[in-house]
Amino acid sequence: MRQTGRGSGEPGATGTLPERGRAVARTDLAGFGLVDDGPDADLDHIVRTAAHLTACKKAFITFAQGEVLHVLAAVGSDTVQTPAATSVCGTAYRNGAPLIVTDLSTDPRFSALPHVDVANGHRFYAGFPIRLNDGHAIGTLCVIDQAVRPEGLTPDEHALLESLTALTVRVLEGRQRDARWRDYLDIASDWIWEQDEEFRFSYISRSSIGMPSGEMLGTTRWDAPSAATEGPAFWARHKALLEAHEPFRDLRYRWLDGDTERVTMISGKPVFAQDGAFLGYRGTARDVTEEERTRREVEHMAHHDALTGVANRTTFEARIADAFRAWEETGATATVFLLDIDHFKRVNDTYGHSTGDDLLVEVARRLTECTGPEAVVARLGGDEFAVLDPSLSRGGAVDEYAAMLLQAIARPFEAQHDVIECGSCLGIAVLPDDGGSFSQIMGNVDLALYEAKARGRGRSMAFQPRMRRQADSRNTLARELSEAFLAGQFDLTYQPIVRLADQRIVGAEALLRWNHPERGRLLPSAFLAALDSGRHSVDVGYWVLETACRAALPWVEARKRDFRLSVNLFTGQVRDPRLVNRVQAILDKTGFRGANLELEVTEDVLLTPLGDLPEVLKALKRLGISVALDDFGTGFGSLNHLLQFAIDRIKVDRQFVRGLGNSIDHNTVTHAIVKLAVDLGLKVTAEGIETDEQQHFLSLVGCDDMQGFHFSRPVSAEQFPRLMEKTDALITRRHTGAPMPHANTG
Ligand code: C2E
Ligand code: CA
Ligand code: CA
């Protein structure tokens, strides 16, 4: 409702009309709720009393609006309004003080006014301005009689009219309050309701939106047809509360408004009579449909993955918590599946991120489609998805379920222009056996997935306790390894490499050992995998190179530079962009010549290309370094394929050598490998020679060098020169006719 500030203008005393804008603003019929309301019983009563007790024929209550005075109530007249500027009432209104005119026909101020109708009984006039509490006049209360009254009003009559004027003010102020309240209810989304002692609606205020319609009056909230949405249990609870005469706050309930579901929020308190008798309830209600929708959207966003719409990690964690609770209550177990998409990064790199996104969406869709309604499908991040199914526990069904999930993802995906095939692996864990908390179960299912992946594409693995033990010892190992390097617990041992043609030691391979403070001297098989994948491998690798170069420098000199030091590279070194620079720096620092150095790499390192490996190998070549392909035959690469890497030598793996003599197959394969390598111009070293026959066979098929316990186990740097001297002496002796014993006999 519009209203100007208080204290503007001296109330009624100025004798002029307040300026128009303010008058209209202050005294607006609508603002007092006086529009279209028909006759007002209270005001009627007042005018009748005024006329009767002053024995006047006419009485009016007028209300100023703009340039007219509206007649709000009247006796003895059907006049509707009168101009404020040119009427007697107008003068009383403007003066702001009672105006008594003993004879209108003779009073020069009024006799000529158009509305003064003497013939019609306008002779005596008494008018009182109606002023609000703030002093502002808003109209008049007046009486008119047909007889002249030279003595004016009696004091009693004066006092009476004054009280009736004051009463009128009270009535109008009440009307104004009601109007304000109605306005407020119209604007606010709240409405007010009242219920009788049987909880039937006895009153519902108007509201613009979202209110159950008139059907509610006379009925209870739960009996209304729209209440069906919440169901009987909800209303039974509410009814119980009302019957206990308890107040309630912010109770939300859903109901159907035609086809639209609305949500209403109600608060209420019981009303009691003075004697304590329960009268019913009174309260407010509000339409919170929009608010609820926004809340639900925000909630959805907080609990779902934005890209795929399936549950996110938070929700998955909550569902796992539910599953644990269900187990405590009913003993029901639940199964967790974890999977990621094979080579997802490659899909992103090859087809672009939007195709990658599409693929994730499709994976989520397929997983949701093939799992039951009880299952929770979640995207935990990146290309990692999880499924929780509380209806499954251990047993055959789990395997079938796993196969079904894998199949769903193995089906080709139709991208915009391509068909993409990508598989996945699956880890499985059952709670609570495989973990007593969210993080435990997820950690263990992750180990199962890790193992499934190690076994190849499309595999699923159920968690087994040994996986945890292994992982724990891997972790312990990783921690110990970082300390070991700093504590100087590593050292090197050197295995001679012998030329088959004349049995001379022509080189040495540096092999790493770990002097573990508790477990003693450890072979690489005990720690190499952890070291290779850990963060210290590169540092350890360069330490090995430098240490071996220093140790072998005198051996090279002793052999007049006819000596080759072999050093194994870690995966991290092959991928280290500074490999060439660091090798060069070590050569500079130690004075070791590149021509006397051979670096050994394995096939799988070469076959996981990263960076410009052929270029790196060429750069090593320019330093005079040769490159050997270690463990040849254990990987999947073909020799032809490997030739692009400018390899100088292959080392035939121990497992081929071991089979020699026992199986014709092994003989044939080894023979073929050696022949192929020789034809391609590569040098061949055979590893792991333990017997005379093996040595004999390998020299027959054309192997250049050999390495094995048959000749010598790896020895320390101190022992190595003595071993060289000893074999040299033996060779000399052989040349002079003596028999040829093995270096390590005795
Ligand atoms: P590898 O490069 O194939 O090294 C040869 C391995 O075969 C050595 O085992 C050696 O002791 C063993 N060996 C030699 N002759 C015989 C034999 O006649 N019979 C048997 N049964 N074994 C024989 P080791 O020292 O345990 O090393 C194992 C692997 O660890 C090495 O295999 C190599 O791949 C890796 N490794 C060792 N030291 C290093 C290193 O400093 N850096 C890197 N990156 N890897 C290393
Ligand atoms: Ca090697
Ligand atoms: Ca090897």
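Side chains are part of it too, since the values below use all heavy atoms of this structure and drop only hydrogens, waters and symmetry mates. One-based numbering along the sequence shown. Ligands are counted one by one from 1 in listed order, and the atoms in each one are counted from 1 as well.
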Student: Does one side chain, of Asp532 or Thr571, offer a donor that lies under 3.5 Å from an acceptor on the other?
Tutor: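 Yes, Thr571 and Asp532 have a side-chain donor paired with an acceptor closer than 3.5 Å.
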Student: Looking only at distance, does Glu690 have an N or O less than 3.5 Å from an N or O of ligand 1?
Tutor: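 By distance alone, the answer is yes.
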Student: Within ligand 1, which atoms have a heavy atom of Gly708 less than 4.0 Å away?
Tutor: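 Atoms satisfying the 4.0 Å criterion: 15 (N), 18 (O).
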Student: Hey, are Asn596 and Arg593 close enough side-chain-wise for a donor-acceptor pair under 3.5 Å?
Tutor: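 Yes, Asn596 and Arg593 have a side-chain donor paired with an acceptor closer than 3.5 Å.
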Student: Asp630: which N/O/S atom is nearest the Ca ion (ligand 2)?
Tutor: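 Closest to the Ca ion (ligand 2) among those atoms: OD2.
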Student: Has the side chain of Asp418 got a donor or acceptor atom that lies under 3.5 Å from a matching backbone atom of Ile420?
Tutor: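 Answer holds: no.
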Student: Are His710 and Gln694 close enough that a side-chain donor and a side-chain acceptor fall under 3.5 Å?
Tutor: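 No - no donor-acceptor pair under 3.5 Å links their side chains.
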Student: Quick one: look at Arg713 and ligand 1, take heavy-atom pairs under 4.0 Å, and tell me if it's side chain, backbone, both or neither.
Tutor: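 The answer is neither.
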Student: Quick test of your reading of the model: are Arg466 and Glu451 salt-bridged, counting only N-O distances below 4.0 Å?
Tutor: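 Yes, charged N to carboxylate O under 4.0 Å.
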Student: For atom 15 (N) of ligand 1, what is the nearest protein heavy atom, given as residue, atom name and distance?
Tutor: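 Answer for atom 15 (N) of ligand 1: Gln495 NE2, 3.0 Å.
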Student: Which ligand 1 atoms are under 4.0 Å away from a heavy-atom of Gly688?
Tutor: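 Selected atoms, number and element: 15 (N), 16 (C), 17 (C), 18 (O).
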Student: One thing to verify: whether Asp728 and Arg559 come together as a salt bridge, which I'm taking to mean a side-chain N less than 4.0 angstrom from a carboxylate O.
Tutor: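 Yes, charged N to carboxylate O under 4.0 Å.
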Student: Please state whether Gln573 comes within less than 4.0 angstrom of ligand 1, counting heavy atoms only.
Tutor: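 Gln573 does not count as a contact of ligand 1 under the 4.0 Å cut-off.
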Student: Is any side-chain N of the basic residue among Arg504 and Asp562 closer than 4.0 Å to the acidic one's carboxylate O?
Tutor: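 A salt bridge is absent here (no side-chain N lies under 4.0 Å from a carboxylate O).
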Student: Does Leu492, backbone or side chain, put an N or O under 3.5 Å from an N or O of ligand 1?
Tutor: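 Not met; the criterion fails.
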Student: Looking only at protein heavy atoms, which one is nearest to atom 43 (C) of ligand 1, and what is the separation?
Tutor: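 Result for atom 43 (C) of ligand 1: Asn568 CB, 3.3 Å.
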Student: Can you tell whether the side chains of Glu615 and Lys618 come within less than 4.0 Å, N to carboxylate O?
Tutor: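 Looking at Glu615 and Lys618, the cut-off is met.
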Student: Given Arg654, Arg658, Glu687, identify the one with the heavy atom nearest to atom 6 (C) of ligand 1.
Tutor: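 The option holding the nearest heavy atom is Arg654.
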Student: Is the Ca ion (ligand 3) less than 3.0 Å from at least one N/O/S atom of Glu600?
Tutor: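 No, Glu600 does not qualify, because none of its backbone or side-chain N, O or S atoms lies under 3.0 Å.
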Student: Which of the atoms in ligand 1, numbered in the order shown and given with their element, are less than 4.0 Å from a heavy-atom of Asp631?
Tutor: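 Counting from 1, the qualifying ligand atoms are 3 (O).
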Student: Among the N, O or S atoms of Glu509, which one sits nearest to the Ca ion (ligand 2)?
Tutor: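 It is OE2, the N, O or S atom of Glu509 closest to the Ca ion (ligand 2).
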Student: How about atom 32 (O) of ligand 1: does it have a protein heavy atom within less than 4.0 Å?
Tutor: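 It does not: no protein heavy atom is found less than 4.0 Å away from atom 32 (O) of ligand 1.
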Student: Give the single entry among Thr493, Leu569, Val540 that approaches atom 44 (N) of ligand 1 most closely by any heavy atom.
Tutor: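 Heavy atom nearest to atom 44 (N) of ligand 1 belongs to Leu569.
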Student: Within 3.0 Å of the Ca ion (ligand 3), is there any N, O or S atom belonging to Glu687?
Tutor: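 Within the cut-off used here (under 3.0 Å), Glu687 does place an N, O or S atom near the Ca ion (ligand 3).
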Student: Going by an N to O cut-off under 4.0 Å, is there a salt bridge joining Glu483 and Arg479?
Tutor: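 Answer for the salt bridge query: no.
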Student: Scan Asp446, Asp342, Asp340 and name whichever one has a salt bridge (charged side-chain N to carboxylate O under 4.0 Å, His left out) with Lys453.
Tutor: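 Running salt bridge (charged side-chain N to carboxylate O under 4.0 Å, His left out) over Asp446, Asp342, Asp340 with Lys453 returns exactly one hit, Asp340.
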Student: Checking Glu509 against Asn568: is there a side-chain donor and acceptor pair closer than 3.5 Å?
Tutor: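 Their side chains do contain a donor-acceptor pair, which is all the 3.5 Å distance test asks for.
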Student: Out of Asp630, Leu522, Leu512, whose heavy atom is nearest to atom 34 (O) of ligand 1?
Tutor: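 Looking at heavy atoms only, Asp630 sits closest to atom 34 (O) of ligand 1.
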Student: Could you tell me whether a side-chain N or O of Gln495 sits under 3.5 Å from a main-chain N or O of Ser712, the two making a donor and an acceptor?
Tutor: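 Confirmed, Gln495 side chain pairs with Ser712 backbone.
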Student: Between Arg649 and Thr685, do the side chains contain an N or O donor and an N or O acceptor separated by less than 3.5 Å?
Tutor: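 Result is yes, a qualifying pair exists.
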Student: Please list the nearest protein heavy atom to atom 26 (O) of ligand 1 with its residue and the distance rounded to 0.1 Å.
Tutor: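 Looking only at protein heavy atoms, the one closest to atom 26 (O) of ligand 1 is Pro524 CD, 3.3 Å.
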Student: Please work out whether any backbone atom (N, CA, C, O) or any side-chain heavy atom from C-beta onward of Ile689 is under 4.0 Å from ligand 1, and answer side chain, backbone, both or neither.
Tutor: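 Backbone only.
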Student: With a heavy-atom distance limit of 4.0 Å, tell me whether Val544 approaches ligand 1 through its side chain, its backbone, both, or neither.
Tutor: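 For Val544, the contact with ligand 1 is made by the side chain alone.
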Student: Which residue and atom name correspond to the protein heavy atom nearest atom 13 (N) of ligand 1, and how close is it?
Tutor: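 Checked against all protein heavy atoms, atom 13 (N) of ligand 1 sits closest to Phe709 CE2, 3.6 Å.
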Student: With a heavy-atom distance limit of 4.0 Å, tell me whether Pro714 approaches ligand 1 through its side chain, its backbone, both, or neither.
Tutor: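 It is the side chain that gets close, since no backbone atom is under 4.0 Å.
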Student: Let me check your reading of the structure: within less than 3.0 Å of the Ca ion (ligand 2), is there an N/O/S atom from Ser566?
Tutor: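 Looking at Ser566, which is the residue asked about, there is no N, O or S atom under 3.0 Å from the Ca ion (ligand 2).
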Student: Determine, for Phe316 and Arg313, whether the Lys NZ or Arg CZ falls below 6.0 Å from the six-membered ring centre while staying within 45 degrees of the axis.
Tutor: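 Judged by the rule, Arg313 and Phe316 form no cation-pi pair.
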Student: Is any side-chain heavy atom of Arg468 less than 4.5 Å from a side-chain heavy atom of Phe463?
Tutor: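 Contact flag for Arg468/Phe463 side chains = yes.
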Student: Taking both backbone and side-chain atoms of His710, is any N or O found less than 3.5 Å from an N or O belonging to ligand 1?
Tutor: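 The answer is no, given that His710 and ligand 1 share no N or O pair closer than 3.5 Å.
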Student: Around atom 10 (C) of ligand 1, find the nearest protein heavy atom and jot down its residue, atom name and distance.
Tutor: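 The closest heavy atom on the protein side is Leu511 CD1, 3.7 Å.
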Student: Find, among atoms of Asp631 that are N, O or S, the one nearest to the Ca ion (ligand 3), and state its name.
Tutor: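 Per the distance ranking, Asp631 contributes OD1 as its closest N/O/S atom to the Ca ion (ligand 3).
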Student: If we count only N and O atoms by modelled type, under 3.5 Å, do the side chains of Tyr542 and Asp576 hold a donor and an acceptor together?
Tutor: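 Judged by distance alone, the side chains do pair up.
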Student: Heavy-atom distances under 4.0 Å decide this one: backbone, side chain, both or neither, for Leu528 against ligand 1?
Tutor: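 Within the 4.0 Å criterion, Leu528 contacts ligand 1 through side-chain atoms alone.
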